[in-house]
Amino acid sequence: MIQSSSPHRFALHTAHTSYLLEVDPEGRLLHRYYGPRTGSCPPLASPHPDPGCWPDRLPQEFPTPGLGDNHAPFFALEWADGSRAADLCFAEADLCPGKYALPGLPAFFGEAPVQTLRITLRDPKGLAVTLLYAAFEDCDLITRAAILENTGSEPVTLQGLPSAVVDFTRKDLDLITLDGDWAAERTPFRAPVRPGVQSVGSVGGIPTHAHNPGIVLCTRDADETHGSCWGMALVYSGNFRLQTERTTAGIRFSAGIEPQGFCWTLAPGESFTTPELAMVYSDRGLGRMSRCFHDAVRRHLLRGRWRDLTAPRPVLLNSWEACYFDFTEDKLLTLARAAKQAGADLFVLDDGWFRGRNSDTTSLGDWTADPAKLPDGVAGLCRKINELGLDFGIWVEPEAISPDSDLFRNHPDWALQIPGRETLQIRHQYTLDFSRAEVREGIWQQLTALLDSCPVRYLKWDMNRSLANVWSAALPAQRQGEVFHRYLLGLYELQQRLIQRYPQLLLENCAGGGARFDLGMLYYSPQIWCSDNTDALDRLMIQYGTSFFYPPCVMGAHFSTVPNHITGRTASVEARMAAALSGTFGFELDLTRYTPEQLAELRPFVDFYRAHGALLRSGELWRLCPPDGSGAAWAIASGDGREAVVFGVGRVLDGRRLPLPFVRAEHRYHIQSRMTGRPSGDETLEGELLAVHGLPLPAIRGDLPGYLCYLQQEE
Ligand code: GLA
């Protein structure tokens, strides 16, 4: 609910939180409060600030550069006369039902009771900034974005533009970022916010493996169940910056497109729309914050057929770790038969299927089948896979182009490149200039030819490098700072066309593992490959960090072989299954090496996924024991506490008790469990015992044992 108690006061309320704004007598829009739901505004820290230093002390909702606010300006612009200051004063506001949309950009959506507040600020020199807010009561989500319009008669150049700024009046908060590397994405890192500026971001055109576009500010005491947490994540998949500055007055948080490499000139009458920032406040720790984000993603971001979490998702087998580039049609069909025996529904042909692609050095851009591997083409393989009773899916990397490809030989100018400079190859490939409509059209024609040639039910859209040599032949010199963002707009446009034309298609995004795992991509694909690292123990940390903002049902996770291809570690079947079942679940290993008996042993896990898939996708995540390098425990429970799946891996299983905060103390629960090295068991326990003393876990030794159980309330 959004209220405006006077023309100068605005309150956004969700079920448990409030966000308050006020226009001061000078017309400045001030941020007044973001925290537990309240009806009243706290007094300003310094109600009558010294006029000489006020801009530094006031919590400004959209701070501007050049007129006395000396905190690291995120907003930077240049007028035609060379001056770089802006002075935005409140002009008007209005409220409307439903959620605002951002043309061409991904964004959360919702009908009433979701409401939109629009506040327009103006600079008399010729600028209007419209701040957009929406309040989603059901999941404590508040979203923001800004539209900047040149209302003057001369061009204005934007050199940095935040989506949102939030001033916190306290300085003693911790900052949690999700950082990492290839095969080690999104590992939480927590430290006190220190004086000065700190930021995470990307200049690589994709978020990259190094940082995720989501951060948490929290009180020092915050843990899974206690403390105040503000989670903030951009709905954007390109260059981003999330910045804190500990100032004299508190902590200023700013979020938006990374200013470095960005420059956008607005002619009179033109406007620019920022990506959206999503914010959740929780006064019950990180656990509730994440559950709010998960609900928001599932209800207000995922679209199309796969938004229905009760609709079964296919159990797939992906050919990558089974074959890499080395396969024939016969080998694929043998693998598919084994997948069918293990209980899979869908066979995914990963990289290596197109003309001449026998290693990662060639052929990206030539999206037709290699006759040496697929004599009857993709359509022929698809038909044979379908005859085995499996659906068919395929891998593509549409943004990429190999120097050794017909596409590059025919259209050398389609690659991003700076004239006169050598173009950087990463993984032996260039990137296509997706800011250009004709380049996208060329790829679109190839993609639709592929998808129209046979019933493709699943598409893995990969992107195996960051952008470099960013320059577009289609733009004049003074507009080259637009290329990064235009690339993203082009990517979004193409994925939008794709899901509109193929509404039944299950799209999974991927970027060299999880280098582009963000809310923006989730608007187009209901799942994203988490990481190339499928090792169960490493996955605990990767999926734990990912779960700060993103629900388990969007995390691409597969059961793979041991010793693991990346780590060499041998984890138990149950541990590997626990990690995979907590995500989208599928197989990624050479099942042709399995005996019929071994394949049959995988079936109960597939049956488990089928039986409890709807719960696993729609349930609430409880991180019971965060990963500590030797194991972890977590659960996915229905909101009413009637049923849950509990997972444990590693040392946490060593004879300890695991309190389950989501069970109803007054009920009894039937528990069916399965763990490494022990026969499956059934027991009935009191809810009170489970909630207070905990689920008794057996003492299990062994390298990396795993445990999973299904709990159901007795009638
Ligand atoms: C990336 C993906 C993998 C696989 C390979 C194929 O690394 O993350 O899953 O598809 O590309 O080249």
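Both ligands and their constituent atoms are indexed starting at 1 by order of listing. Everything numeric here is computed off the predicted structure, so don't read it as measured data.
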Q: What protein heavy atom sits nearest atom 3 (C) of ligand 1, and how far away is it?
A: D532 OD1, 3.3 Å
Q: Report yes if some N/O of W395 lies less than 3.5 Å from some N/O of ligand 1; otherwise report no.
A: yes
Q: Decide, yes or no, whether a salt bridge links R357 with D370 under the criterion of side-chain N to carboxylate O below 4.0 Å.
A: no
Q: Pick one of side chain, backbone, both or neither for how D360 approaches ligand 1, counting any non-hydrogen atom pair under 4.0 Å.
A: neither
Q: Tell me, which protein residue and heavy-atom name are nearest atom 2 (C) of ligand 1, and how many Å apart are they?
A: D462 OD2, 3.1 Å
Q: Would you say Y492 and F434 make side-chain contact, with heavy atoms under 4.5 Å?
A: no
Q: What atoms of ligand 1 come within less than 4.0 Å of a heavy atom belonging to N464?
A: 1 (C), 7 (O), 11 (O)
Q: Side chains of S472 and R436: do they bring a donor and an acceptor to under 3.5 Å?
A: no
Q: Is it true that D404 and R409 make a salt bridge, defined as a side-chain N closer than 4.0 Å to a carboxylate O?
A: yes
Q: Quick one: which ligand 1 atoms are inside 4.0 Å of a heavy atom on C510?
A: 2 (C), 8 (O)
Q: Considering only heavy atoms of W529, which atoms of ligand 1 have at least one such atom less than 4.0 Å away?
A: 8 (O), 9 (O)
Q: Thinking salt bridges, do R497 and E441 make one under a 4.0 Å N-O criterion?
A: yes
Q: Give a yes or no on whether the ring-centroid distance for F325 and F327 is below 6.0 angstrom.
A: no
Q: Taking only non-hydrogen atoms of R427, do any sit less than 4.0 angstrom from ligand 1?
A: yes
Q: Show which atoms of ligand 1 fall inside a sub-4.0 Å distance from at least one heavy-atom site of K460.
A: 3 (C), 4 (C), 9 (O), 10 (O)
Q: Judged by modelled atom types alone, do Y502 and D452 share a side-chain donor-acceptor pair under 3.5 Å?
A: yes
Q: Please could you name the atoms of ligand 1 that D351 approaches to less than 4.0 Å, counting only its heavy atoms?
A: 6 (C), 12 (O)
Q: Students should be able to answer this: which protein heavy-atom is nearest to atom 4 (C) of ligand 1, and at what distance?
A: D350 OD1, 3.4 Å
Q: Classify the angle between the aromatic ring planes of W353 and W367 as parallel (below 30°), tilted (30 to 60°) or perpendicular (above 60°).
A: tilted
Q: Return yes when E397 approaches ligand 1 closer than 4.0 angstrom through a heavy atom, no otherwise.
A: no
